[in-house]
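Every chain is numbered from 1 and lettered A, B, ... according to where its sequence line falls, protein lines coming before strand lines.
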Amino acid sequence: MAVDTETQFHVLAVDDSLLDRKLIERLLKTSSFQVTTVDSGSKALEVLGLREDQQPEHNEIEVNLVITDYCMPGMTGYDLLKKIKESSSLKDIPVVIMSSENVPSRINRCLEGGAEEFFLKPVQLSDLKRLRPHILKGKSKEQETENTTIISTSTGTTSSSGSNKRTAIAIDEDLAPNKRTRLRFSSSSSLTLV
Amino acid sequence: MEIGNLQRRYLDFASTLFHEGFLDNQFTQLQQLQDESSPEFVLEVVTLFFEDSEKLLDELSRTLNQQAVDFKKVDAHVHQLKGSSASIGAQRVKNVCVAFRNCCEEMNQEGCLRCLRQVRNEYFLVKNKLETLFALEQQIVAAGGSVPMMW
């Protein structure tokens, strides 16, 4: 499994539901992100190095993006967003909020509070494509090469998964376009000479 | 039974689950996320759903059968159940949860109890269907075949 590890972006995912944590972790890994999951806002702040008794620079793990559920007991996703944006050391980390409820006022509040994106749950692979521009914003000039690396790595993963236990049989005309899309990606990955 | 027949049976069964609304596209999304690096992903997630749901159903029963019903608590549980059923694509369960939340908002105990019965039925139905689906997959693999993709 030749994954390019030097330029993997690290996403911190926060959700109190174990099922949703498992899902978001899988989605992020499939999209070639490095992932850490925690079950609460306060644990997230710990990982980010923002405990009251700690200096922000001490022992922190580098995180390139935080994706958090909105509805959580104790600290909500919105509370976490505010804490991050109010911290001088963390305010540039992009934050994305997820929610199962489509409440316009909630969405606006989060975006106005500094969230980059608001995802409706259940989050899908196609939603994660919207993460890339935000991650790149946080990094310097190596951005473009890294972007290419990520794309080739993720298509590499997709194209290698067609083997072993699964045989592709399109049973529905409508579903054929998806299959075509996957084939397009795998053929371009074979051309990528990174 | 020969592999081709097993595969056809699997695809037919899976197809009905979608057509009858037991499962929606989110379930397909889960299957697409499964690969050699995570070969049991769907089973693991669905198992979490089973565990979560049964705990929630018990809690709901307890909470709704009290003298003074705490509708906020009931709503919180239903919200969780709605979320996890949506996450795995258990469409019919999710839909009952939507109606259930309305009854909570109206603080309608009768209505809530009715919804609880309904959601419990839908849950056990989809659980049964999913277990059958996984068993069919295992049969195919045991016969030396590969599980066909549904998309």
Identified side chain to side chain contact (heavy atoms under 4.5 Å, CB included) partner of A/V47 from the options A/V66, A/V38, A/T37: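 Looking at A/V66, A/V38, A/T37, the match for A/V47 under the side chain to side chain contact (heavy atoms under 4.5 Å, CB included) is A/V38.
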Does [Y] offer a backbone N or O that forms a donor-acceptor pair with the side chain of [X] under 3.5 Å?
X	Y	result
B/S61	B/L57	no
A/S31	A/F33	no
A/S87	A/K83	no
B/Q26	B/S87	yes

Per-residue contacts, residues 108-115 of chain B versus chain A, heavy atoms under 4.5 Å: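 Listed by number: none.
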For chain B, which residues of residues 11-21 of chain A have heavy atoms nearer than 4.5 angstrom: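 Residues A/L18, A/L19, A/D20 are the ones that qualify, each having a heavy atom under 4.5 Å from chain B.
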Taking distance alone, no hydrogens or angles, what donor-acceptor pairs closer than 3.5 Å link side-chain atoms of residues 43-56 of chain B to residues at least two apart or in another chain?
residue, atom, partner, partner atom, Å
B/E44, OE1, A/K22, NZ, 2.8
B/T47, OG1, B/L43, O, 2.6
B/S53, OG, B/F49, O, 2.7
B/E54, OE2, B/Y123, OH, 2.5
B/E54, OE2, B/K127, NZ, 2.9

Under 4.5 Å from any heavy atom of chain A - which part of B/I140: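 Neither; nothing under 4.5 Å.
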Side-chain heavy-atom pair B/D35, B/F41 within 4.5 angstrom cut-off: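 Counting from C-beta outward, B/D35 and B/F41 never come under 4.5 Å.
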Electrostatic pair A/D79:A/K82 at N-O distance under 4.0 angstrom: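 Looking at A/K82 together with A/D79, the answer is no, because their closest N to O distance does not fall below 4.0 Å.
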Side chain to side chain donor-acceptor pair (under 3.5 Å) evaluation trace for B/R8 with B/N5: CA-CA 5 Å; B/R8 245 180 311 275; B/N5 281 339; 3.2 Å; yes
Pairs touching residues 57-90 of chain B that satisfy ring-ring contact (aromatic ring centres under 6.0 Å, His included), sequence neighbours left out: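 Counting only pairs at least two positions apart or across chains, no ring-ring contact (aromatic ring centres under 6.0 Å, His included) contact touches residues 57-90 of chain B.
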